[in-house]
Amino acid sequence: MPEVRIVAEPRTEFGKGPARRVRRAGRVPAIVYGHGTETRHVTLPGHELLMALKTPNVLIQVDGLSGGGQLTLPKAVQRDPIKGFIEHVDLIMVRRGEKVTVEVPVQVTGEVEPGGLLDQQMVRLAVEAEATQIPQAIEVDVEGMEIGAAVHAGDLALPQGVTLVAEPDALVLHVLAAPTAEQIEAELGETPAAEEAEAVPDAVPDASEAEESSG
């Protein structure tokens with residue numbers, strides 16, 4: 001697991017106004033907590049933090065803290081729902097050799113058998129691992145997997161030192177029969193017809209019919 005070093009600055013002003021000023025200055029409000037210590041309120045350089053968080057469960061060595069640097073893991077990341085930039089991050093302190101529970105991406109490789117459709121139910125898997133030995137992903141090879149086959153959490157091969165936290169019978173993925181062209185056409189053909197029927201307005205008599213009825 002890679003480590004990234006980031007220098008923090010203390011944060012003494014709180015609220016929406018100060019937080020906006022921090023972000024305009026290219027920094028991100030954050031807290032560092034854990035191991036029974038007092039929560040530290042800091043700001044972190046936005047671009048460096050954004051690049052670091054591209055790696056799942058990245059270890060961040062936060063320098064510039066009172067009492068010395070701390071090794072941390074991202075615990076919660078808040079992003080702007082529209083623009084996607086980071087608004088706030090919670091970092092939890094960890095120690096080398098300490099066991100932590102994290103969610104690791106499930107990475108699928110290979111292709112299922114022809115006519116099969118892969119349905120992945122779980123994209124992240126909860127595991128326990130040493131803080132400095134967290135796998136970047138858990139791979140699942142589906143090459144040639146037949147229709148009806150399934151993989152559950154307990155079936156996955158985990159790296160040495162990593163243990164499963166998720167329920168063993170939790171469904172990770174399974175292979176369904178891909179719909180035929182006829183089935184797709186039938187589904188597509190039914191919808192427009194129904195919509196067209198709903199869209200037809202009540203019949204309105206033309207002018208000649210109206211004159212005959214009034215005469």
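Please read these numbers as outputs of a predicted model, since none were measured by experiment. The figures here come from the full heavy-atom set of this structure, side chains too, leaving out hydrogens, waters and symmetry mates.
- Leu50 CG to Glu48 CD: the interatomic distance, rounded to the nearest 0.5 Å, is 11.0 Å.
- Contact annotation: the side chain of Ile147 approaches that of Glu113 to within less than 4.5 Å [non-hydrogen atoms, C-beta and beyond].
- The distance from the OG1 atom of Thr109 to the CG atom of Asp141 is 4.0 Å, given to the nearest 0.5 Å.
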>> Using side-chain contact (heavy atoms from CB on, under 4.5 Å), reason through Leu44 and Ile60 one step at a time and then give a plain yes or no.
In response: CA-CA 11 Å; Leu44 304 172; Ile60 300 178; 6.0 Å; no
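- We find the CD-CG distance between Glu3 and Leu59 to be 5.0 Å, quoted to the nearest 0.5 Å.
- Counting only heavy atoms from C-beta outward, the side chains of Ile31 and Val42 never approach each other to under 4.5 Å.
- The two residues Leu73 and Val58 come nearest to each other via the heavy atoms CD2-O, 3.5 Å.
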> Where do His35 and Glu98 land on the side chain to side chain donor-acceptor pair (under 3.5 Å) test, with the steps shown first?
Replying inline: CA-CA 11 Å; His35 294 156; Glu98 176 184 6; 3.1 Å; yes
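- Note on Arg96 versus Glu130: no salt bridge recorded, every NZ/NE/NH1/NH2 to OD/OE distance being 4.0 Å or above.
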> Under the side-chain contact (heavy atoms from CB on, under 4.5 Å) criterion, do Glu111 and Glu143 qualify, and how do the steps go?
Replying inline: CA-CA 5 Å; Glu111 298 289 339; Glu143 184 64 36; 4.3 Å; yes
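- The closest donor-acceptor contact from the side chain of Arg11 to the backbone of His41 lies at 3.5 Å or more, if one exists at all.
- Considering only heavy atoms from C-beta on, Tyr33 stays 4.5 Å or farther from Met93 through its side chain.
- Looking at every heavy atom in both residues, Pro45 comes nearest to Ile6 through CD-CG2, 3.5 Å.
- Closest heavy-atom contact between Leu164 and Ala126: CD1-O, 3.9 Å.
- Looking at heavy atoms from C-beta onward, Asn57 lies out of side-chain contact with Gln136 at the 4.5 angstrom threshold.
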> Would Asp63 and Arg5 satisfy side-chain contact (heavy atoms from CB on, under 4.5 Å), going step by step from the backbone distance to the final call?
Replying inline: CA-CA 7 Å; Asp63 292 333; Arg5 187 178 296 271; 2.8 Å; yes
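- No side-chain heavy atom of Val112 sits under 4.5 Å from any side-chain heavy atom of Glu146.
- Side chains of His152 and Gln121: a donor-acceptor N/O pair is absent below 3.5 angstrom, by distance only.
- Atoms CG and CD, from Leu158 and Glu139 in turn, are 12.5 Å apart once rounded to the nearest 0.5 Å.
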> Step by step, would you call Glu87 with Arg23 a salt bridge (charged side-chain N to carboxylate O under 4.0 Å, His left out)?
Replying inline: CA-CA 8 Å; Glu87 294 186 323; Arg23 297 186 190 103; 5.3 Å; no
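- Separation of atoms CG (Asp90) and CD1 (Ile92) is listed at 9.5 Å; rounding is to 0.5 Å.
- Residues Pro74 and Leu53 approach most closely at CG-CD2, 3.6 Å, considering heavy atoms.
- Atom CD1 of Ile86 and atom NE2 of His47 lie 11.0 Å apart (nearest 0.5 Å).
- Closest approach of Arg79 and Gly84 over heavy atoms only: NH1-O, 3.4 Å.
- In this structure, Val127 and Thr163 have side chains that are not in contact, with every pair of non-hydrogen atoms separated by 4.5 Å or more.
- Side-chain contact between Asp119 and Leu173: absent, with no pair of heavy atoms (C-beta onward) separated by less than 4.5 Å.
- Not one N or O on the side chain of Glu128 forms a donor-acceptor pair closer than 3.5 Å with the backbone of Thr101.
- Residues Leu118 and Val108 meet the side-chain proximity criterion, which asks for heavy atoms closer than 4.5 Å.
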>> Between Val32 and Thr72, is the side-chain contact (heavy atoms from CB on, under 4.5 Å) condition met? List the steps.
In response: CA-CA 8 Å; Val32 179; Thr72 69; 4.0 Å; yes
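- No single ILVMFWY cluster, assembled from side-chain heavy atoms under 4.5 Å apart, contains both Val77 and Val22.
- Of all non-hydrogen atoms in Val62 and Ala8, the two that sit nearest each other are CG1-CB, 3.7 Å.
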